[in-house]
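Just below is one structure, and these are the notes that go with it.
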Amino acid sequence: IRYVIENLLWPRKYYFDDALAMSDVEHQFGFRSVFYFLNGIGGRFGARSGSAIIEDFAGCLRSSSELGIHYNYRYGLDRDQLAEQKAELESLIGRSVAGGRAHYLIVEPVKSFAILESLGICSDESIGFVQENSFRLGFAGAFRTWHGLPRGRSPVVEIPMHFMDANTVAREDDFDLYGMVSEVEKVGGLITLLFHPGMFNSPEAATLRGRYVAHLSYFHKKGYRSMLPSEIVALLDPELLTW
């Protein structure tokens, strides 16, 4: 009840301010990130904040950050709904968006990628496990999806989600984040880390305080490079594809 009241009285404190603090930490360690905005309908499984805060927040982010869309629950399965959400978000932030992630990681590869491609979404980060650190697709990399596009049209690049904030606090039955990335180091690859605003410095997620700083500090010391989704897409030149 306390946190509900706090969020009503200070709606920016554990989202807006948290995200800006995260951006400052990234800048400190030489990293960049993409922010996916969840707009559209409210309520269960819907957007948690109003549209006004999105417009304000987007204007405060560093220019080095990338902005994307967090498709509302099951919108990745409905082209018309996703098109409406995307149009609203682009009008709020004053720029087009070309990358996204599905709310609750709801995705159906056979259907979703075709919908995303038709709306100009070039990259997606929806394939991963909500409660586990894992390479769900079996490798640490990104790839162009396939859904029967005509020759010459570029499919969506899938960038799998490997690690999420709550799962990076070690539990006895978990695979350790640092142990997993050390294995990737041996062969080279790409890893992704999702950290939600509200998980950085919130009393509701006290066990995660300091974890984002610790992760970025570790990555910085190991010499990891930061890449935005648009840069990963650019690396996968569609002209090199064979169909």
Side-chain angles (χ1 to χ4, degrees), residues 31-38 65-79 81-83 85-86 89-90 96-165 167-168 175 177 180-181 183-185 187-196 219 224-243:
F31 290 109
R32 299 162 299 157
S33 65
V34 54
F35 285 83
Y36 293 122
F37 291 98
L38 180 62
S65 298
E66 199 160 285
L67 308 183
I69 183 171
H70 204 324
Y71 338 127
N72 226 313
Y73 193 66
R74 294 198 178 280
Y75 276 28
L77 308 179
D78 187 311
R79 188 188 185 284
Q81 286 184 319
L82 185 56
Q85 182 189 355
K86 184 172 182 285
L89 178 60
E90 291 176 336
S96 60
V97 295
R101 170 180 279 128
H103 200 23
Y104 287 87
L105 305 183
I106 299 294
V107 61
E108 291 184 9
V110 173
K111 183 176 183 180
S112 297
F113 293 134
I115 291 174
L116 298 179
E117 184 277 333
S118 71
L119 294 175
I121 301 295
C122 300
S123 65
D124 174 78
E125 295 193 66
S126 300
I127 298 184
F129 287 117
V130 174
Q131 295 179 321
E132 301 289 343
N133 294 326
S134 178
F135 302 109
R136 185 168 188 176
L137 296 178
F139 77 114
F143 62 95
R144 288 193 176 277
T145 59
W146 166 257
H147 47 77
L149 287 174
R151 183 181 180 88
R153 291 179 64 184
S154 176
V156 177
V157 170
E158 178 59 33
I159 307 171
M161 187 198 78
H162 301 133
F163 305 102
M164 185 164 67
D165 41 38
N167 303 329
T168 64
F175 291 106
L177 181 152
M180 292 174 70
V181 298
E183 291 298 313
V184 177
E185 283 182 35
V187 295
L190 176 143
I191 61 168
T192 58
L193 170 65
L194 163 62
F195 227 93
H196 293 88
F219 298 155
Y224 291 6
R225 289 190 300 132
S226 172
M227 295 191 70
L228 296 172
S230 61
E231 294 170 336
I232 296 171
V233 170
L235 282 177
L236 300 177
D237 190 339
E239 294 181 0
L240 301 179
L241 289 175
T242 57
W243 301 87

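All figures in this text were calculated on a predicted structure; none of them were measured in a lab.
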Residue list, side chain to side chain donor-acceptor pair (under 3.5 Å) with T168, at least two apart or on another chain: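 Testing T168 for side chain to side chain donor-acceptor pair (under 3.5 Å), a comparison that skips the adjacent residues, returns H215.
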Got [X] and [Y] here, is their nearest side-chain heavy-atom distance under 4.5 Å?
X: V34; Y: R101; result: no
X: Y104; Y: V130; result: no
X: N167; Y: L177; result: no
X: H196; Y: M164; result: yes
X: C122; Y: V157; result: no

Looking at [Y], is its backbone amide N or carbonyl O close enough to the side chain of [X] to form a donor-acceptor pair, meaning the two atoms are under 3.5 Å apart?
X: Q85; Y: Y75; value: no
X: R144; Y: L236; value: yes
X: N72; Y: H103; value: no
X: T145; Y: V156; value: yes

Can you name the residues that form a salt bridge (charged side-chain N to carboxylate O under 4.0 Å, His left out) with R32, not counting sequence neighbours?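 If we apply the salt bridge (charged side-chain N to carboxylate O under 4.0 Å, His left out) test to R32, skipping adjacent residues, the hits are E231.
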From [atom1] ([X]) to [atom2] ([Y]), nearest 0.5 Å:
X: I121; Y: S112; atom1: CD1; atom2: OG; value: 12.0 Å
X: K86; Y: R79; atom1: NZ; atom2: CZ; value: 9.5 Å
X: M161; Y: S134; atom1: CE; atom2: OG; value: 9.0 Å
X: D165; Y: L193; atom1: CG; atom2: CG; value: 7.5 Å
X: I69; Y: S96; atom1: CD1; atom2: OG; value: 11.5 Å
X: L194; Y: H162; atom1: CG; atom2: NE2; value: 12.5 Å

Compare every heavy atom of [Y] with every heavy atom of [X], then report the nearest pair and how far apart it is.
X: L105; Y: G128; result: CD1-O, 3.5 Å
X: F135; Y: I191; result: CE2-CG2, 4.5 Å
X: I159; Y: S123; result: CD1-CB, 4.2 Å
X: D124; Y: S126; result: OD1-OG, 2.7 Å
X: L89; Y: G68; result: CD2-O, 3.6 Å
X: F143; Y: P160; result: CE2-CG, 4.3 Å

Does the pair V181 and F163 meet the rule for a side chain to side chain contact (heavy atoms under 4.5 Å, CB included), with working shown? CA-CA 10 Å; V181 298; F163 305 102; 3.8 Å; yes
Side-chain donor-acceptor contact under 3.5 Å, E125 with T192: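 No pair is found: no donor N or O on one side chain lies under 3.5 Å from an acceptor on the other.
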For residues Y224 and E185, is any side-chain donor paired with an opposing acceptor at under 3.5 Å?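 Present: a donor and an acceptor within the cut-off.
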